[in-house]
Structures are given as structure tokens and as C-alpha cells.
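I have placed the structure first, in the form of C-alpha cells, so that the comments after it can refer back to it.
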Protein chains: 2
Amino acid sequence: MSTQASTQSGKIKVSLRQQIQSGFMTQGQKLPSERELSALFSTTRITIKDVLVSLENEGLIYREERRGWYVSPERICYNPLSRSHFHQMIRDQHRIAETCLLDARTEMAIGEVAQALAIDQMTQIHIIERLRYIDGRPVLFVENCLKASLFPHIMMENLTLSLTGIYRQKYGYETSRSCFEVIPTGAPSHVAKALNLAEGQPVMKIRRTNYKQDGELMDCEFEYWRPDAVLIRIESDSH
Amino acid sequence: MSTQASTQSGKIKVSLRQQIQSGFMTQGQKLPSERELSALFSTTRITIKDVLVSLENEGLIYREERRGWYVSPERICYNPLSRSHFHQMIRDQHRIAETCLLDARTEMAIGEVAQALAIDQMTQIHIIERLRYIDGRPVLFVENCLKASLFPHIMMENLTLSLTGIYRQKYGYETSRSCFEVIPTGAPSHVAKALNLAEGQPVMKIRRTNYKQDGELMDCEFEYWRPDAVLIRIESDSH
DNA sequence: TAGTGGTCTAGACCACTCG
DNA sequence: GAGTGGTCTAGACCACTAT
């Protein structure tokens, strides 16, 4: 539909894509409003919106709820097997990282968390919710669920730092093994709110479980990435 | 919006989700038509469509172009680092796999392919396009790009079989190292057509490059998965 | 307060699928 | 030929953002 541009939205898509990819628009730049675009292309907002959502799926543009549409910056290259923590990884790619603590609380494990930690539902866990920014843009919502018995007093630490670092320095735990899953899904409401996108928009969910030296499961982590912000890369030497 | 169900579409979403997850509807079952749903919920097709797209993003339902909406089967668990080939993997999960050859041709490398293979644009490559089914549903479009000089006469083989197997048996090549990238993006038109989805819908793209024993790059592969059909799982022993 | 995207109405025609 | 989703029109009101 868009390469041949048989439909109207296909033509608009090609036109907008060219404007963006030709370098005419710079990364992070705001697009004209939906109403302006409708007028420019002599069509309705619904048609324009279909086009924008499609380009959003490609990862070419992204939206901030009720603020507008913007040209996506380059994707961050992320290796979930790598030891380096978030801030290091972003710095290595010459971008600026920030982390903000959204919530830290202790409660009983329920549902998916209890299942991921392979514990029953009466076990206490610490939940740490953080929001991570790249170049000022919120792109990653992270929820860590720690077995409370293994991490006394961790809630008094500076939780904007690397948790892996705290595990090591304060408790002597090293991550000896981990398992992660990549799941394309829609943003749950609390995630959507934090990332400033609409509930149900596509996100890339990464569910990870970490084991310490002695093989015991320590914590699990749920990452929700803006899908245009990231690219996962893994290199494997023989197997 | 949907957990609190403050909007109309939020309420419809919750209602449909419950119907599906409660087991009232079975995997693969067809939903009522958009017009029927509009009538059932006393609203318009556009509102219903927004709800369906949102549930589609979650991976709960999927669509077949112009045929209708269906309840998604369970996700296949896929480990890109594993040696086992597609049919084996699907069989291990008690599902039925099929592969169909869409196209096989020889041409000059261009654009992303030339870049992935780290060759210049005048080098000949074989392109093999295949469509893979799980339980009769097309879920994976695969494009393999082989350095032609390394694979004489491969186009005369049975290309619905495992390519890795052919590499080994006919040429003695083993995959010693590979690199893969996971990229959430939109379906290009030829992929959309094959997978029976609309161009620009979200897909999970996996770009892989394979090296043989002596370290030489053999081929690259582009996989496009229906995003509701798969879940990537990787386990890492210490690193 | 002006402007934005989010949501919604009430239709319409078209391309395609299926029986 | 009946029914489906795909596309499109021409509006409207609302919640929220930015200034």
C-alpha cells in the first residue's frame, strides 16, 4: 500500500517518511499538529492518525500524550547479556542517561511476580519502580521485585543507582546466571502513564530473573521499553 | 483507561478481555464482526476498532486481512541461540510446523543486505524467501541472503528444509558464531502480504548474521514474526 | 486561554473473502 | 452475492499541555 502508494494514506506515508528520512527533519523535532497535517494533505484527522500510527510502528516517530508527534532519535543498542549497567551502556553510546525513582514498597508477591520468583503468594517482596531517560526522554520503565528476606534494609539505599552494584557491595551477591524473555505487548496503564504514552500502545517487555552465586533466585525484573527507542543485539561465540 | 475503565473504549476493552481470558473463547476462535460488536456495545466501528487494535497490541487477538479477528494461540517460546531448527522447536512444544517456499532468486546485494553481509553492492547473493506456519497459521516470514560464491547450486536443493542442515551436509559449513538483533518495527509490504496483515502493523524483526568455522560471514537472515505469536527466551550461564 | 491529541458519532464506498 | 475488514469523510466534545 505505501510502496506502491495506491491509497491516499499510503501516499501521505511515503511523503512523510521521505521528509523524515531525507534528513529534512532532525531527531526529536516536533511534527506539525494533526490538524495542520490534515489541512496540508487535504484529508481528515483520522486518516492522518492512521499514517502517524503506522510510522510510529516502524519506529520512525513517537508521540507524547497530548503533546504531539516527534521524530525518533536513533535506537539504543542493548545487550541484555552484558554485565554493563544502564548508565554505562548509554554513556558508551554517547547519549545521556538519567534514572528517577518512582516508587519503592514492600508487599506480598502476587500473580506473575510470585510465578516468576517461584515462590508462594505469602512471601514478602520489595518492589522498586524506576523510570529511565535517554537524552531527557523517558524510554524505559523498570520494575524490580526482590525477595525481601535476601535484601534487609535495601529500601534505605540510593535506589537510583545500579541495583546490581548494591547487590554486590552491600550483600556480596553476584549475578551468576540469568534468564530473560522478550515479549512484544501493550503498555499496562501504570507503565503508559510513566512513559507518557497511551495505554495499550505497543511496548517491548523484557522479563528477567537473576540468580546469585549459590544458584538461588534473587529477584526478577520487568522492563518496558518504548519500542522505537531500542534494538537488542546479542553476539554468540560458538554453541 | 482500561483498568479504571473511565472511557467507553476502556470498558469495552475490559469486557472483551474478560471474555477471552476467562476461557469463554478458545484459541483460534473468530470474534464477532466489527459491525456486530459495534451493535453489541452500541457504538461505532471506529471505537470498536480502537479496542481491537489495543487488544492486538497486547497479543490477545490477531487479525487476518479482510477475514476477521481471532483469539491468539499461546506464544511459541523461541531461543535464537539454540541449535535446534524451526520444525524441531515447534514439535518440542507440541505444535505443528509447516514451511512454504515463496521465492528463490539470485541478484546483486543492495542496501541493508549488503551492509549486513559487509560486502560491496556488486556481489551476487542468493535470496530465499520462506513462510512458516504454526498450527496452520502463517506467523513467520523469513528472508535468507547467502553469499552466492559460497553456495554453488544450492538453489536446486529442497529449500523448505532447514538451511543450516543443507549448509552442513552439502558444504560442510557449521555455524560457529552468530549475531542477532531484535527490532520492533512495522511490516514492509511484501511481509505484510505474506503474513496476511496490513502494511505497517507492528512486527518483531530479527536480523541475524551467521559465520562459519573459519570465521567467514556466510549469510544473513531477516525474520519477521507476528508479534503475538512469539516470546524470546534466553538463558545465560555466568558471563 | 489557545492549542494539542484522545475519543467518539454516523455515516460512506471499496477490495477482498467465502460460500 | 453477502459479508468482512480497509479506508475515508466531516464533523464534535473532552482532558490535558503550554504559555
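Just so we're clear, the structure is a prediction, and the values are computed from it rather than from any experiment. Just the heavy atoms: all of them, side chains too, but no hydrogens, waters or symmetry mates, feed the values below. To find a chain, count down the sequence lines: A is the first, B the second, and so on, and within it residues start at 1.
- Distance from the side chain of B/Glu36 is smallest for D/dT4 among the nucleotides D/dT4, D/dG5, C/dG5.
- Considering only side-chain N and O atoms, B/Ser9 lies nowhere under 4.0 angstrom from the phosphate OP1 or OP2 of C/dG6.
- With distances taken from any side-chain atom of A/Ser33 to the nucleotides C/dG5, D/dG5, C/dC8, the minimum falls on C/dG5.
- B/Glu65 pairs by the salt bridge (Lys or Arg N to Asp or Glu O under 4.0 Å) definition with nothing, not counting sequence neighbours.
- For the pair B/Leu197 CG and D/dT7 P, the computed distance is 12 Å after rounding to whole Å.
- For A/Val53, the side chain to side chain contact (heavy atoms under 4.5 Å, CB included) partners two or more places apart in sequence, or in a different chain, are A/Lys49, A/Glu56, A/Asn57, A/Arg63, A/Trp69.
- Rounding to whole angstrom units, CD of residue A/Glu64 and C1' of D/dA18 are separated by 14 Å.
- For the pair B/Glu34 CD and C/dA10 C1', the computed distance is 16 Å after rounding to whole Å.
- Following rounding to the nearest Å, B/Leu37 (CG) and C/dT9 (P) show an atom-to-atom distance of 14 Å.
- Here A/Thr44 lies in heavy-atom contact (under 4.0 Å) with a base.
- Within 6.0 Å of CG in A/Leu101 there are more than 12 heavy atoms belonging to other residues, nucleotides or ligands.
- Separating the CD1 atom of A/Ile48 from the C1' atom of C/dG6 is a distance of 16 Å, rounded to the nearest angstrom.
- Across the protein-nucleic acid pair, B/Phe41 atom CZ and C/dT7 atom P stand 17 Å apart, rounded to whole Å.
- Residues forming a ring pair (Phe, Tyr, Trp, His ring centres under 6.0 Å) with A/Phe141 (at least two apart in sequence, or on another chain): A/His190.
- For the salt bridge (charged side-chain N to carboxylate O under 4.0 Å, His left out) condition, the pairs that include at least one residue of residues 86-98 of chain A, sequence neighbours left out, are A/Arg95-A/Asp135.
- Using a 4.0 Å heavy-atom criterion, one finds that A/Gln201 contacts no nucleic acid atom at all.
- For the OP1/OP2 pair of D/dT9 and a distance below 4.0 Å, the side-chain nitrogens and oxygens of A/Gln8 include at least one atom meeting the criterion.
- For C/dT9, one of the phosphate oxygens OP1 or OP2 lies less than 4.0 angstrom from a side-chain nitrogen or oxygen of B/Thr47.
- The distance between atom CG of A/Asp50 and atom P of C/dG6, rounded to the nearest whole Å, is 13 Å.
- Residue pairs meeting the ring-ring contact (aromatic ring centres under 6.0 Å, His included) criterion with at least one member in residues 13-32 of chain B: none, sequence neighbours excluded.
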Just by protein heavy atoms under 4.0 Å, how would nucleotides 13-19 of chain C read 5' to 3' in B, S and -? B-BSSS-
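- Not one side-chain nitrogen or oxygen of B/Thr7 sits closer than 4.0 Å to the OP1 or OP2 atom of C/dG6.
- Computed from coordinates, the A/Ile46 CD1 to D/dG6 P distance equals 15 Å when rounded to whole Å.
- Note on A/Lys49: every side-chain N or O is 4.0 Å or more away from OP1 and OP2 of C/dG5.
- Side-chain contact, A/His87 with A/Thr99: a donor N or O sits under 3.5 Å from an acceptor N or O.
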